[in-house]
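Just so it is clear, the model here is predicted, and its values are computed rather than measured.
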Amino acid sequence: MNRIYDFTLSLFAGVCGLLLIASVAVMLGFLVGQGGSVLGLKLIFGSTDFREIIDIILLRQVVINALWPALIGTFLLVFTALITALPLGLGVGVYLAEYAGKPAKVFFSLIFDLLAGVPSIVIGLFGFSVTIYLHSHFSDLMPCLLISGMSLALLVLPYLVRTTQSALEELPSALRVTSFALGAEKSSIILLVLLPQALPGIFSGIVLAIGRAAEDTAVIMLTGVVASAGIPRSIFDNYEALPFYIYHTASQFSNQHELQQGIGAALVLLIICTLLFTGAGLLRKKATHHFLYHSK
Amino acid sequence: MINRSGSIFSGHTFLLLLTAGCGLLILAVLGFMVFLGRPLFTADFFNLFMSSVWAPDQHLFGILPFVCGTLAIVILSLLIAFPLSLGNAVLINLLLPQLPAKFLYRIVKLMTGIPTVIYGFVGISLLVPFLREWSASGSGMSLLSAALLLALLISPTMILVFVESFTAIPQPHLNAVAALGGNVRHKLIYTLLPGAKNGIMTGLLLAAGRALGDTMIALMVAGNATAMPESLFASVRTLTAHIALVMAADFDSTEFRTIFICGIILYLGTLILTLTLRVFNRNGSKADLERGLS
């Protein structure tokens, strides 16, 4: 009887493992099998002629039916989100790690955990309704790149706060004690000693935030992304983005070519995100190693 | 601002204000939804909005079907993902030799980085047509297809948390079981599962949060019908998908304002999950746990 139980347990676990790996394999197989062949310059620029590509990059020529505007849109979006969220995330992270007392720490980490869990569509709704509220009462602001970027900043803030905080807290206490014994002030210790040492950890948070901002669809859907806008002329313009391109294609495609473009876009986004998340993991590993062995 | 050490600018005060400001912003997300939804909070609120019929053209704004749709999708995806995750965690911690275990773990980590819109895209291209054939009725866009995909989305989070809490159990305890003649099954039942109780709850709560908050999968493959979910193959709409779908309506209409109720329900649901998570996991932060970073 016991043997049967043991066998059932192993069988069950094995089936679970196989199911998981098979699902991933089917997903990747589908994307690579269907989209691998379109992956290339033509997918991104709609052309393989180098002179045309240079014109496109220099904004002298408009791209139609290619990923370039969506790629640029995603890049600008991530950039806007990051320059908004980074100062806040670093500041809050430093405060929680170095200054906050126990009650403040408990309270604020709960608040940021809450933010980390709030559905992205709710954050998008917040960004959208603030914009509309301002629009009807004060200005002629409409959903645009800036609004999306700032909403995404709110979305990635908890990741930046948390990684900054734990990167500082994981530093060996000897570092703090030594600097203090040398007569340095707290603010200089943080700026000149602790933050530089915590950089790899902080960078892993930044990379993670980039990945999170690049993949999110729900926030931007409500705050200004459109299917075909071309390259935005300013931060108050509508824009295209890679994840929305994928969503839009999946629901609206009318022929095989458009579907292939969508699969190609999914593959490009998958590659970008995988690289970013792997990079974040490696940075974090490097950070831990650095503190453990004090190796450069 | 002059502090005791004599510097003109107090870093402490500045950072405290910054942190408090960010905290207020997070609470403002809820506050603003309540503020904009306030015309709806009348004596008739429950009759009007907690009914089960959504037909804006007949002035029926019941969002109960979406609440039930959300609950059904979350619960069903957890029912699928929990055994799957437990099996994989057992595989990684107990059954597989080091190298294959590491390989499986890597794959799970890799899965956390797959964008949700890609799950949705593959789901609509492969899973939906498959279920359409298999069930021989409906469009294939259903509660079941969304729950299956969501299960795939939330499993990596759960597996990572399970593996971590299994690993945290001291090796001597496992050695003791082995010395008493116990095998893998005994290790699992008498040491790992009781010892990792909090970890298992943490994983479940985190996964529930991700399933609750996901928009794209439900929006793309659940079908978005406005009726109450009646079977596994019924087309359902979640609260998140409802927010995304009603966006096109007139900003001042009652129909549009219902999305603030949906937003408030989602926010409060997240709050409850976050607070419950605290009971089971005092140290780890959600942001770390979700990506398996802690």
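- Interface remark: A:Phe128 contributes side-chain atoms only to the contact with chain B (heavy atom separation under 4.5 Å).
- Ring geometry for B:His12 versus A:Tyr99: interplanar angle of 30 to 60°, hence tilted.
- Ranked by heavy-atom pairs under 4.5 Å with chain B, the first of A:Leu19, A:Val94, A:Ile263, A:Leu157 is A:Ile263.
- Taking all atoms of both residues into account, the shortest heavy-atom contact from A:Pro119 to B:Thr270 is CD-OG1, 3.5 Å.
- Of all the heavy atoms in B:Phe121 and A:Ala250, the pair that sits closest is CD1-CB, 3.4 Å.
- Interface summary for chain B: among A:Val15, A:Leu154, A:Val130, A:Thr274, the most heavy-atom pairs under 4.5 angstrom belong to A:Val130.
- Neither the backbone nor the side chain of B:Leu96 comes within less than 4.5 Å of any heavy atom in chain A.
- A distance of 5.0 Å separates CG of B:Leu25 from CZ of A:Phe126, quoted to the nearest 0.5 Å.
- In this structure, chain B has a heavy atom under 4.5 Å from the side chain of A:Met221, while its backbone stays farther away.
- Looking at A:Ser129, the atoms closer than 4.5 Å to chain B (heavy atoms on both sides) sit in the backbone and in the side chain alike.
- The contact between B:Thr240 and chain A is made by backbone and side chain atoms together, counting heavy-atom distances below 4.5 Å.
- The minimum heavy-atom distance linking B:Gly87 with A:Ala13 is given by the pair O-CB, 3.6 Å.
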Check step by step if side chain to side chain contact (heavy atoms under 4.5 Å, CB included) holds for A:Ile111 and B:Leu27. CA-CA 8 Å; A:Ile111 290 274; B:Leu27 300 177; 4.0 Å; yes
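- Around atom CE of B:Met111, more than 12 heavy atoms belonging to other residues, nucleotides or ligands sit under 6.0 Å away.
- Contact count versus chain A (heavy atoms, under 4.5 Å) is highest, among B:Leu104, B:Leu126, B:Leu110, for B:Leu126.
- Interface summary for chain B: among A:Ile132, A:Val106, A:Leu96, A:Val24, the most heavy-atom pairs under 4.5 angstrom belong to A:Ile132.
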Pair B:Ile159-A:Leu20, side chain to side chain contact (heavy atoms under 4.5 Å, CB included): steps then yes or no: CA-CA 11 Å; B:Ile159 297 172; A:Leu20 194 80; 3.9 Å; yes
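- Under a cut-off of 6.0 angstrom, the local environment of CZ in A:Phe12 is crowded, with over 12 non-hydrogen atoms contributed by other residues, nucleotides or ligands.
- A:Phe30 and B:Ser125 make their closest contact through CZ-CB, 3.4 Å (heavy atoms, listed as atom of the first residue, atom of the second, distance).
- Contact of B:Leu188 with chain A is made through the side chain alone, with heavy-atom distances under 4.5 Å.
- Note that OH of A:Tyr95 and OG1 of B:Thr13 are 9.5 Å apart. Values are rounded to the nearest 0.5 Å.
- Annotation: side chain of A:Leu114 is in contact with side chain of B:Tyr267 (closest heavy-atom distance under 4.5 Å).
- Taking the centre of each ring, A:Tyr133 and B:Phe35 come in below the 6.0 Å mark.
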CA sep, side-chain torsions, deciding dist, call: A:Asp6, B:Val184, side chain to side chain contact (heavy atoms under 4.5 Å, CB included): CA-CA 8 Å; A:Asp6 289 341; B:Val184 168; over 6 Å; no
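- From B:Ile259, atom CD1 reaches atom CG of A:Leu125 across 4.5 Å, with rounding to the nearest 0.5 Å.
- Heavy-atom distances place both the backbone and the side chain of B:Asn88 under 4.5 Å from chain A.
- Interface residue A:Tyr5: backbone and side-chain heavy atoms are both found under 4.5 Å from chain B.
- Atom-to-atom distance recorded for A:Phe253:CZ and B:Ile124:CD1 is 8.0 Å, nearest 0.5 angstrom.
- Rounding to the nearest 0.5 angstrom, the gap separating the CG atom in B:Leu95 from the CG atom in A:Leu9 is 6.0 Å.
- The part of B:Leu219 that comes within reach of chain A is its side chain, from C-beta onward, which places non-hydrogen atoms under 4.5 angstrom from that chain.
- For the options A:Asp216, A:Thr278, A:Ile246, A:Ile21, heavy-atom pairs under 4.5 Å to chain B are most numerous at A:Ile246.
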Set out, in order, the CA-CA distance, both residues' side-chain angles and the distance that settles side chain to side chain contact (heavy atoms under 4.5 Å, CB included) for A:Phe108 and B:Cys22, then state yes or no. CA-CA 9 Å; A:Phe108 281 114; B:Cys22 288; over 6 Å; no
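- Both the backbone and the side chain of B:Leu271 come within contact range of chain A, judged by heavy atoms closer than 4.5 Å.
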